[in-house]
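First comes the structure, then the notes that go with it.
If you're wondering where the values come from, they're calculated on a predicted model, not measured in any experiment.
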Amino acid sequence: MRDFPIFTTENGVGSLVLKEIPYRGVAYITIRDSSAPAEFLNECADFCRAVGAQHVYASGHSILESYPVYTSIVQMSASTEFIPETDAALFPVTEKTVSRWKDIYNERMNNVDNASYMSDQTALELLKKGNGYFVHRDGDLLGIGIAGDDKIECVASCKRGAGRDIVSALTHALMSDSVVLEVATTNKRAISLYESMGFICTGEISKWYKIN
């Protein structure tokens with residue numbers, strides 16, 4: 001199911017993310033501009049439900065403050081010099097391993113708020129970019145991650161307590177003096193881990209409200 005980066009009616013302009021509907025039954029609305037936001041929100045939500053969404057979340061307008069907060073996405077950053085070293089090793093995703101990486105990602109991220117399902121096409125894009133990794137120690141799989149430039153885009157642990165080593169390994173693979181990542185405020189365990197490693201919150205990127 002395709003997304004609508006630009007979704008328009010006579011009442012406004014927004015973006016609809018619908019690609020999660022076949023996998024999680026979830027759709028996301030971002031209100032970009034609207035002269036009648038209540039009406040536009042209803043139109044967007046009705047459209048999302050009509051194409052199969054069981055849960056609809058929205059962001060981008062003050063009118064949403066009357067709805068329950070679902071989660072906020074915040075950015076956290078740290079200086080790489082303060083991230084602890086690790087003996088865990090990174091192994092880049094290859095054509096032979098990309099399917100396994102995708103399966104691990106979808107299993108581990110299934111219950112993480114605002115995480116996206118990884119399709120075969122998205123996995124191939126990851127392979128092309130070359131920024132997906134397995135994290136091992138002595139042949140033991142600790143987890144997986146995505147990292148490039150100065151950003152960690154994904155951390156998924158396969159062993160309890162392995163998150164610190166995964167973050168450290170991904171961080172030290174970056175050619176940057178600092179590292180940033182994004183996390184949902186409802187992911188308390190991840191935030192606690194990042195803070196213990198020296199990350200600080202540098203701002204709220206978006207706040208999502210539950211429409212139904």
Side-chain angles (χ1 to χ4, degrees), residues 1-5 15-30 48-49 51-57 59 70-76 88-137 139-149 151-171 173 180-194 205-206 208 210:
M1 183 171 294
R2 70 184 184 93
D3 296 337
F4 286 81
S15 300
L16 305 183
V17 175
L18 309 177
K19 62 184 178 182
E20 299 299 311
I21 292 177
Y23 311 108
R24 304 186 185 193
V26 173
Y28 299 93
I29 301 166
T30 301
C48 291
R49 296 185 193 102
V51 295
Q54 300 172 1
H55 304 284
V56 180
Y57 305 105
S59 181
Y70 168 53
T71 191
S72 294
I73 307 300
V74 296
Q75 180 175 277
M76 302 185 73
L90 296 182
F91 292 85
V93 173
T94 67
E95 288 187 21
K96 292 183 177 180
T97 62
V98 65
S99 179
R100 182 179 178 225
W101 194 100
K102 183 198 74 167
D103 290 343
I104 293 172
Y105 173 92
N106 286 331
E107 176 187 353
R108 304 306 297 175
M109 303 298 283
N110 183 57
N111 294 317
V112 176
D113 290 341
N114 272 55
S116 299
Y117 180 88
M118 180 164 284
S119 65
D120 290 339
Q121 180 60 41
T122 306
L124 290 176
E125 292 171 2
L126 176 82
L127 178 62
K128 184 176 180 180
K129 290 179 180 178
N131 60 349
Y133 299 93
F134 292 92
V135 184
H136 286 258
R137 175 184 285 121
D140 190 18
L141 178 62
L142 302 181
I144 61 172
I146 302 174
D149 297 326
K151 187 174 184 179
I152 294 176
E153 297 182 27
C154 163
V155 175
S157 177
C158 294
K159 294 183 70 70
R160 189 173 182 84
R164 182 177 298 270
D165 284 308
I166 297 169
V167 174
S168 293
L170 292 171
T171 297
V180 298
L181 51 79
E182 297 175 9
V183 60
T185 53
T186 46
N187 195 345
K188 303 296 186 184
R189 181 177 295 181
I191 291 175
S192 179
L193 169 65
Y194 300 147
I205 296 172
S206 60
W208 293 89
K210 186 175 182 179

Hey, does the side chain of Thr71 reach the backbone of Ala184 with a donor-acceptor pair shorter than 3.5 angstrom? no

Does the side chain of Asp113 pick up a donor-acceptor pair with the side chain of Thr186 at under 3.5 Å? yes

Min side-chain heavy-atom separation Ile29-Ser15 under 4.5 Å: no

Walk me through whether Leu18 and Tyr28 qualify under side-chain contact (heavy atoms from CB on, under 4.5 Å). CA-CA 7 Å; Leu18 309 177; Tyr28 299 93; over 6 Å; no

Flag this pair as yes if the NZ/CZ of Arg108 is under 6.0 angstrom from the six-membered ring centre of Tyr105 and inside a 45 degree cone about the axis; otherwise no. no

Using atom types as modelled and distance alone, determine if a side-chain donor or acceptor of Asn106 lies under 3.5 Å from a backbone N or O of Met118. yes

Rounded distance (nearest 0.5 Å) linking atom CG of Leu127 with atom OG of Ser99: 11.5 Å

CG (Asp149) with more than 12 external heavy atoms under 6.0 Å: no

From Ser206 atom OG to Ile73 atom CD1, the distance as rounded to the nearest 0.5 Å: 5.0 Å

Checking Gln54 against Arg24 for the side-chain contact (heavy atoms from CB on, under 4.5 Å) test, could you report, in this order, the C-alpha distance in whole Å, the side-chain angles of both residues, the deciding distance, and whether it holds? CA-CA 8 Å; Gln54 300 172 1; Arg24 304 186 185 193; over 6 Å; no

Which atom pair, heavy atoms only, marks the closest approach of Ile152 to Thr171? CD1-OG1, 3.5 Å

State, yes or no, whether a side-chain contact exists between Thr30 and Trp208 at a heavy-atom distance under 4.5 Å. yes

Considering all heavy atoms, the nearest Ala123-Val98 contact: O-CG2, 3.5 Å

Going by the angle between their ring planes, with limits at 30° and 60°, are Phe91 and His136 parallel, tilted or perpendicular? perpendicular

With rounding to the nearest 0.5 angstrom, report the SG to CD1 distance, Cys158 to Ile104. 4.5 Å

Can you confirm whether the side chains of Thr97 and Thr94 place a donor and an acceptor under 3.5 Å from each other? yes

Side chains of Ile146 and Trp101 in contact at under 4.5 Å (non-hydrogen atoms): yes

With a 4.5 Å heavy-atom cut-off, do Tyr70 and His55 have their side chains touching? no

Might you point out which heavy atoms bring Ala88 and Ala169 nearest each other, and give the distance in Å? O-CB, 4.2 Å

pair Val180-Glu153: side-chain heavy atoms closer than 4.5 Å: no

Are Tyr23 and Tyr117 an aromatic pair by the rule of ring centers under 6.0 Å? yes

Looking only at non-hydrogen atoms, find the nearest pair between Ser119 and Thr122 and report the distance. OG-OG1, 3.0 Å

Apply side-chain contact (heavy atoms from CB on, under 4.5 Å) to Lys102 and Asp120, showing your working. CA-CA 8 Å; Lys102 183 198 74 167; Asp120 290 339; 2.5 Å; yes

Taking every non-hydrogen atom, the tightest pair across Cys48 and Leu16: SG-CD2, 4.3 Å

Atom pair CE (Met1) and NZ (Lys19), whose distance is rounded to the nearest 0.5 Å: 13.5 Å

Worked check of side-chain contact (heavy atoms from CB on, under 4.5 Å) between Ile166 and Ser157: CA-CA 7 Å; Ile166 297 169; Ser157 177; 4.0 Å; yes

Less than 4.5 Å apart, any side-chain heavy atom of Leu170 and any of Val155? yes

Heavy-atom closest pair, residues Ile205 and Gln75: CD1-CB, 3.9 Å

Within a strict 4.5 Å, meaning less than it, do heavy atoms of the Val183 and Tyr194 side chains meet? yes

What distance do Ile144 atom CD1 and Glu107 atom CD have between them, rounded to the nearest 0.5 Å? 9.5 Å

Taking the side chain as C-beta and beyond, is there a heavy-atom pair between Ile21 and Val51 under 4.5 Å? yes

